[in-house]
Amino acid sequence: MRKPVVMGNWKLNGTKDSVKELVTAFVKVAGDNKKVDVAVCAPAIFIGQVESLAQGSDLKYGSEDVDVHTKGAFTGENSPAMIKEFGATYAIVGHSERRQYHKESNECVAEKFKAAQENGLIPVLCIGESEAEYDEGKTLEVCQAELKAIIDLCGIEAFKNAIIAYEPIWAIGTGKTATPEIAQNVHEGIRNYLKSFNAEVADGVRILYGGSCNAKTAPELFAQKDIDGGLIGGASLKVPDFTAIIEAATANA
Ligand code: PEP
C-alpha cells in the first residue's frame with residue numbers, strides 16, 4: 001500500500017508574510033493527518049524560514065531544484081548539502097519549467113537526481129510531455145526517455161527512494177487538468193515501464209499527478225489506482241484549496 005503524498009510547489013512566489021501564513025496553516029493540517037504525507041517545496045531563499053516554522057512538525061519540505069555540485073565556483077546555485085542542512089526532505093528535479101527555461105537535458109536532470117540522493121534528499125522527478133507531443137501520441141515515449149536517463153545513471157533501485165511526478169506540460173498552470181482517465185493511463189504506463197526493470201520497485205514507487213490539480217479535480221484523480229497524490233502549483237498557495245486537496249488524498253488513502 002503506497003502512502004499518498006500531497007506536495008506544494010510554490011515556484012517563484014512568496015513573501016516572508018505569506019510563507020509564515022502558509023507554513024503555520026500546513027503544519028496544523030499535516031499534524032492532524034496520519035494518512036497522507038504533506039510537504040511544500042519552497043524557493044531556496046525561504047527554506048530557512050520554513051525550517052524554523054515547521055521544526056518538530058509533520059510538515060515536510062524541500063527545494064524546487066538543486067545543483068549537481070557540492071561546492072565551488074558555481075555562482076547562484078544551491079547545493080543539495082546546503083538544502084539538506086536546513087532540514088529539507090525533498091528536492092524537485094526536472095520540473096518542466098527548468099527543462100524549458102534553463103535548458104536542462106534528461107542527462108542533467110539525472111545528475112541532479114543522483115546528487116540529491118547522495119546528499120540524503122528524496123528526489124521528486126518531474127516528467128511529462130508537451131501539448132504537441134501529446135497530440136502526436138508520444139506521451140509514454142517522452143516519459144520513458146526521461147525515466148531511462150535516471151535508470152542509466154543511477155539504476156532502477158534508485159526509485160526505491162524517490163518520487164515521480166507526472167506533469168503534462170499542457171496542464172501546468174493552464175487550468176486544463178488531465179482527465180482522470182488520461183492521467184491513470186499514463187501513470188499505469190509509467191509503472192509498467194518501471195516493471196520491465198523491477199516489479200517490486202515499480203509497485204512501491206509513488207507517482208504523483210501535477211497540472212492544474214485543484215480542490216474540484218483532485219478527488220477523482222486521486223481515486224485512480226496508480227495516482228498516489230499530487231504535486232500542486234497554484235493551489236498550494238491558498239490555504240483552503242491546498243487543504244481540500246489534502247482531504248481528497250486522505251479520502252483515498
Ligand atoms: C507545477 O508547477 O508543478 C504545477 C503542478 O503547477 P499547477 O498546479 O499550477 O498547474
Side-chain angles (χ1 to χ4, degrees), residues 5-27 30 37-127 146 149-150 153-155 157-165 167 206 208 210 231-233 236-237 242:
V5 189
V6 176
M7 184 177 295
N9 169 21
W10 289 347
K11 311 192 191 208
L12 188 57
N13 293 294
T15 61
K16 284 197 216 173
D17 283 347
S18 73
V19 168
K20 187 172 179 191
E21 184 206 330
L22 293 172
V23 176
T24 305
F26 300 151
V27 159
D37 287 336
V38 181
V40 291
C41 289
I45 197 160
F46 289 125
I47 292 180
Q49 189 190 357
V50 175
E51 179 190 29
S52 311
L53 292 162
Q55 216 145 45
S57 81
D58 293 318
L59 180 71
K60 305 284 182 232
Y61 53 92
S63 60
E64 298 174 6
D65 180 41
V66 73
D67 193 38
V68 294
H69 303 98
T70 314
K71 61 178 177 175
F74 303 101
T75 303
E77 297 293 350
N78 296 290
S79 81
M82 290 171 183
I83 291 158
K84 181 72 188 169
E85 197 184 352
F86 283 91
T89 301
Y90 301 108
I92 295 176
V93 296
H95 192 282
S96 61
E97 288 150 15
R98 302 281 322 167
R99 293 181 191 261
Q100 185 181 351
Y101 304 131
H102 300 270
K103 309 285 175 253
E104 292 188 4
S105 63
N106 288 349
E107 291 67 33
C108 163
V109 173
E111 292 286 355
K112 291 187 170 198
F113 182 108
K114 184 167 182 266
Q117 270 190 345
E118 283 176 351
N119 287 278
L121 295 166
I122 298 173
V124 181
L125 172 71
C126 297
I127 60 174
E146 290 172 336
I150 309 294
L153 186 70
C154 309
E157 302 272 324
F159 284 105
K160 278 187 176 166
N161 192 32
I163 290 174
I164 296 169
E167 300 207 308
R206 293 181 290 183
L208 314 185
L231 182 59
I232 315 297
S236 70
L237 295 163
F242 196 56

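What you are looking at is a predicted structure, and each value in this text was computed from that prediction instead of being measured. The figures here come from the full heavy-atom set of this structure, side chains too, leaving out hydrogens, waters and symmetry mates.
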Under the side chain to side chain contact (heavy atoms under 4.5 Å, CB included) rule, collect the residues that match up with [X], sequence neighbours excluded.
X	result
Ser105	Glu107, Cys108
Glu146	Arg99, Asn106, Ile127, Val142
Gln49	Lys16, Val19, Lys20, Phe46, Leu53
Ser57	Val27, Ala54, Leu59

Nearest heavy-atom pair of [X] and [Y]: which atoms, and what distance?
X	Y	answer
Ala88	Gly62	CB-CA, 4.0 Å
Ala149	Ala110	O-CB, 3.5 Å
Ile122	Ala162	CG2-CA, 3.8 Å
Ala116	Ala91	CB-CB, 4.3 Å
Val50	Ala42	CG2-CB, 4.2 Å

Passes side chain to side chain contact (heavy atoms under 4.5 Å, CB included), Asp37 versus Arg206? Steps please. CA-CA 11 Å; Asp37 287 336; Arg206 293 181 290 183; 2.9 Å; yes
Would you indicate whether the side-chain heavy atoms of Asp58 and Val38 approach each other to under 4.5 Å?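 Sidechains of Asp58 and Val38: no contact.
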Between Ser63 and Ile47, is there a side-chain heavy-atom distance shorter than 4.5 Å?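 Ile47 vs Ser63: side chains touch.
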Keeping the roles fixed (side chain from Glu167, backbone from Ser96), state whether a donor-acceptor pair exists under 3.5 Å.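 No, the answer is negative, given that no donor and acceptor are paired below the 3.5 Å cut-off.
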Ring pair (Phe, Tyr, Trp, His ring centres under 6.0 Å) contacts touching residues 75-96 (sequence neighbours left out):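 Sorted result for residues 75-96: empty, none.
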With rounding to the nearest 0.5 Å, note down the distance linking CG in Leu121 to CD1 in Ile83.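 Between Leu121 CG and Ile83 CD1, I get 6.5 Å after rounding to 0.5 Å.
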Contacts of Phe242 that satisfy ring-ring contact (aromatic ring centres under 6.0 Å, His included) - sequence neighbours left out: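 With sequence neighbours excluded, Phe242 shows a ring-ring contact (aromatic ring centres under 6.0 Å, His included) to Phe26, given in chain and number order.
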Taking only residues two or more places apart in sequence or in another chain, which ones pass ring-ring contact (aromatic ring centres under 6.0 Å, His included) with Phe113?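 Testing Phe113 for ring-ring contact (aromatic ring centres under 6.0 Å, His included), a comparison that skips the adjacent residues, returns Phe159.
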Going through the checks in order, is the side chain to side chain contact (heavy atoms under 4.5 Å, CB included) test met by Leu125 and Ile150? CA-CA 9 Å; Leu125 172 71; Ile150 309 294; 3.7 Å; yes
Is there a side chain to side chain contact (heavy atoms under 4.5 Å, CB included) between Leu231 and Cys126? Walk through the geometry before answering. CA-CA 9 Å; Leu231 182 59; Cys126 297; 3.7 Å; yes
Applying salt bridge (charged side-chain N to carboxylate O under 4.0 Å, His left out), name anything that partners Lys11, two or more places apart in sequence or on another chain.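 Expected list: Glu97.
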Contacts of Lys160 that satisfy salt bridge (charged side-chain N to carboxylate O under 4.0 Å, His left out) - sequence neighbours left out: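 So Lys160 forms a salt bridge (charged side-chain N to carboxylate O under 4.0 Å, His left out) with Glu157.
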May I have all residue pairs that pass side chain to side chain donor-acceptor pair (under 3.5 Å) and include part of residues 65-85, sequence neighbours excluded?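 Listed once each, the pairs are Asp65-Arg98, Asp65-Lys112, Asp67-His69.
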Apply side chain to side chain contact (heavy atoms under 4.5 Å, CB included) to residues Leu22 and Trp10 and explain how you reach the verdict. CA-CA 11 Å; Leu22 293 172; Trp10 289 347; 3.8 Å; yes
